[in-house]
Amino acid sequence: MKRKLIGLLLCAAMTATMLAGCGSKEEAPAQAPAETEAPAGNDAEAPETEAPAASGDVITIGFAQVGHESDWRTASTKSCQDVFSAENGYDLQFVDCDNDSAVQLEAVRGFIEQDVDYIIIDPIVSTGWDTVLTECEDAGIPVIVIDRTIDDSDKYVSWVGSNFKTEGLAAGEWLKAYAAEKGITEINALVIEGSTGASATIGRTEGFKEIADREGWTILDSQSGDFTQDGGAEVMESYCKSYEGKFNVVVCQNDNEAFGAMDAMKQAGVSYGVNGDVILISFDACSAGLEFVKSGDINADFECNPLAAPFVEEVIKTLASGGTPEKEVYMEEHWFVNEDILSSIEVNGETQNLTVVTDEIIAAQY
């Protein structure tokens with residue numbers, strides 16, 4: 001940890017003395033708050049850790065977040081703010097980079113100048129990172145990457161997040177099995193991608209396309225909706241005009257895009273969902289998204305867990321104790337559906353369960 005100014009040592013000692021007399025004070029939870037716990041049946045729990053500031057020193061963390069474009073991103077930010085709070089012994093320096101890669105690089109350099117103890121990055125794009133990560137390494141500041149990946153540098157101690165290609169594969173395998181159950185023999189799909197260059201976009205696109213190519217489906221078009229509701233609506237409005245009567249599947253790479261796509265299809269008189277002419281697939285599985293799964297507007301929603309902070313704290317605890325954390329930490333996720341006609345699908349040769357959405361599951365979701 002960074003050395004504190006000598007003038008603060010006496011104050012820290014006094015604080016430690018006062019805390020020693022507060023044995024009844026409740027320890028801060030290392031897990032995500034109760035209102036954001038995983039749905040019932042989720043065996044993957046956030047690691048139970050104590051805040052690593054055992055010496056009484058405040059741990060300073062810089063967090064360069066992508067932005068605030070979706071419900072998922074809001075939940076991701078809140079997870080970090082809850083875990084890395086002052087009550088838990090942290091000073092969190094948070095920068096919302098508003099989907100601007102240049103701003104994000106400068107934010108990281110600002111954290112280096114502040115001499116923070118750790119840096120967390122959710123990278124807007126997956127390349128262009130080696131120089132600034134080398135600067136972090138030279139400054140002796142460990143970097144932890146969450147959610148999206150960095151492809152052109154390995155100068156970070158750990159990455160915590162999701163397997164985006166697996167999510168795309170799961171969506172494709174579900175669609176194959178669902179179409180077979182419904183007697184649908186031809187798939188003509190439209191894809192609304194996420195932000196260009198984001199690893200989530202790349203992985204979900206590659207995974208779904210792999211199944212589409214294998215099954216001989218037609219992907220009529222694939223354009224970016226930038227992970228926003230407005231973006232989803234704009235792309236879908238164009239699709240409804242260009243491919244009128246030609247598509248029977250819409251794949252949105254996050255819930256907010258799906259909300260926008262629903263608005264546009266409704267405006268164009270296109271029926272969608274369980275009783276509609278168009279199968280609607282989404283990703284993220286935020287509580288608002290699951291509400292639409294339960295109502296039948298979205299047929300299936302593939303979870304991307306945003307609550308990475310408790311796992312990041314475990315990485316920090318490992319580093320603080322002199323250990324070596326895992327380079328990659330994958331979070332368990334679930335596939336949610338409306339209809340109880342399929343219990344599972346096969347993804348990469350592995351059986352994965354499907355969860356029918358209930359009110360209890362929605363209440364437990366982020």
Side-chain angles (χ1 to χ4, degrees), residues 1-2 59-69 72-73 76-77 79-80 84 92-168 193-207 224 226-227 253 304 306 308-309 311-320 322-331:
M1 294 300 145
K2 307 295 182 293
I59 295 175
T60 305
I61 296 176
F63 178 23
Q65 175 63 287
V66 170
H68 52 274
E69 76 287 352
W72 191 98
R73 191 68 53 199
S76 171
T77 296
S79 177
C80 278
F84 301 117
L92 180 64
Q93 301 298 312
F94 173 77
V95 177
D96 180 332
C97 300
D98 201 19
N99 272 295
D100 189 322
S101 297
V103 170
Q104 192 165 49
L105 291 174
E106 286 309 305
V108 174
R109 290 193 167 99
F111 296 149
I112 296 172
E113 291 178 4
Q114 294 174 50
D115 197 25
V116 300
D117 295 312
Y118 301 94
I119 294 175
I120 302 171
I121 302 171
D122 192 332
I124 294 170
V125 295
S126 57
T127 58
W129 284 101
D130 191 62
T131 298
V132 73
L133 290 188
T134 299
E135 294 169 16
C136 294
E137 187 176 68
D138 292 343
I141 302 175
V143 173
I144 302 161
V145 180
I146 66 170
D147 177 31
R148 302 179 183 181
T149 59
I150 288 175
D151 296 341
D152 63 345
S153 179
D154 63 355
K155 295 172 184 175
Y156 53 88
V157 297
S158 194
W159 167 86
V160 178
S162 305
N163 191 320
F164 301 120
K165 184 173 182 180
T166 295
E167 294 172 0
E193 298 180 11
S195 300
T196 302
S199 58
T201 299
I202 295 167
R204 290 168 188 166
T205 301
E206 288 180 353
S224 172
D226 212 25
F227 286 132
Q253 290 188 352
C304 182
F311 297 87
V312 175
E313 186 177 41
E314 179 72 4
V315 171
I316 291 173
K317 181 184 176 185
T318 299
L319 291 169
T324 302
E326 294 291 331
K327 188 70 173 180
E328 295 181 339
V329 179
Y330 285 97
M331 303 171 69

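Because only heavy atoms are used, hydrogens play no part in the values below, and waters and symmetry mates are left out as well, while side chains stay in.
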So, do [X] and [Y] sit near enough that their side-chain heavy atoms are less than 4.5 Å apart?
X      : Y      : value
Pro325 : Glu314 : no
Leu319 : Tyr118 : yes
Gln65  : Cys97  : no
Val312 : Ile146 : yes
Ser162 : Tyr330 : no
Asp98  : Val103 : no
Gln93  : Ile61  : no

If I take atom [atom1] from residue [X] and atom [atom2] from residue [Y], how far apart are they, to the nearest 0.5 angstrom?
X      : Y      : atom1 : atom2 : result
Ser158 : Glu328 : OG    : CD    : 8.5 Å
Ile144 : Ile121 : CD1   : CD1   : 10.0 Å
Phe111 : Phe63  : CZ    : CZ    : 9.0 Å
Ile112 : Asp138 : CD1   : CG    : 8.5 Å
Lys155 : Trp129 : NZ    : CH2   : 14.0 Å
Ile120 : Cys80  : CD1   : SG    : 4.5 Å

Passes side-chain hydrogen bond (donor to acceptor under 3.5 Å, both in side chains), Asp226 versus Ser195? Steps please. CA-CA 4 Å; Asp226 212 25; Ser195 300; 2.7 Å; yes

Heavy-atom closest contact ([X] atom, [Y] atom, distance):
X      : Y      : result
Ala200 : Phe227 : CB-CZ, 4.0 Å
Ala107 : Ala64  : CB-CB, 4.4 Å
Ala198 : Arg148 : CB-NH1, 3.5 Å

Determine yes or no for a side-chain-to-main-chain donor-acceptor pair under 3.5 angstrom, with [X] supplying the side chain and [Y] the backbone.
X      : Y      : result
Thr77  : Arg73  : yes
Asp100 : Ala102 : yes
Ser224 : Gly194 : yes
Gln104 : Asp122 : yes

Check the pair Ser101, Ile124 against side-chain contact (heavy atoms from CB on, under 4.5 Å), reporting the backbone distance first and the verdict last. CA-CA 6 Å; Ser101 297; Ile124 294 170; 3.8 Å; yes

Check this for me, if you would: do Arg109 and Glu106 make a salt bridge, where the nitrogen-to-carboxylate-oxygen distance has to be below 4.0 angstrom? yes

Any Lys/Arg nitrogen of Lys327 or Asp154 sitting under 4.0 Å from an Asp/Glu carboxylate oxygen of the other? no

Do Phe164 and Asp147 pass the side-chain contact (heavy atoms from CB on, under 4.5 Å) test, and can you show the C-alpha distance, the side-chain angles, and the key distance before you say yes or no? CA-CA 9 Å; Phe164 301 120; Asp147 177 31; 3.3 Å; yes

Going through the distances and angles, do Asp117 and Ile141 end up as a side-chain contact (heavy atoms from CB on, under 4.5 Å)? CA-CA 6 Å; Asp117 295 312; Ile141 302 175; over 6 Å; no

Which is it for Thr205 and Gln253 under the side-chain hydrogen bond (donor to acceptor under 3.5 Å, both in side chains) test, yes or no, and what are the steps along the way? CA-CA 8 Å; Thr205 301; Gln253 290 188 352; 2.8 Å; yes

Set out, in order, the CA-CA distance, both residues' side-chain angles and the distance that settles side-chain contact (heavy atoms from CB on, under 4.5 Å) for Val145 and Thr149, then state yes or no. CA-CA 7 Å; Val145 180; Thr149 59; 5.9 Å; no

Do the side-chain N and O atoms of Glu193 and Thr201 include a donor-acceptor pair separated by under 3.5 angstrom?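 Thr201 and Glu193 do not have a side-chain donor-acceptor pair below 3.5 Å.
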
Does the gap between the ring centers of Phe311 and Trp159 come in under 6.0 Å? no

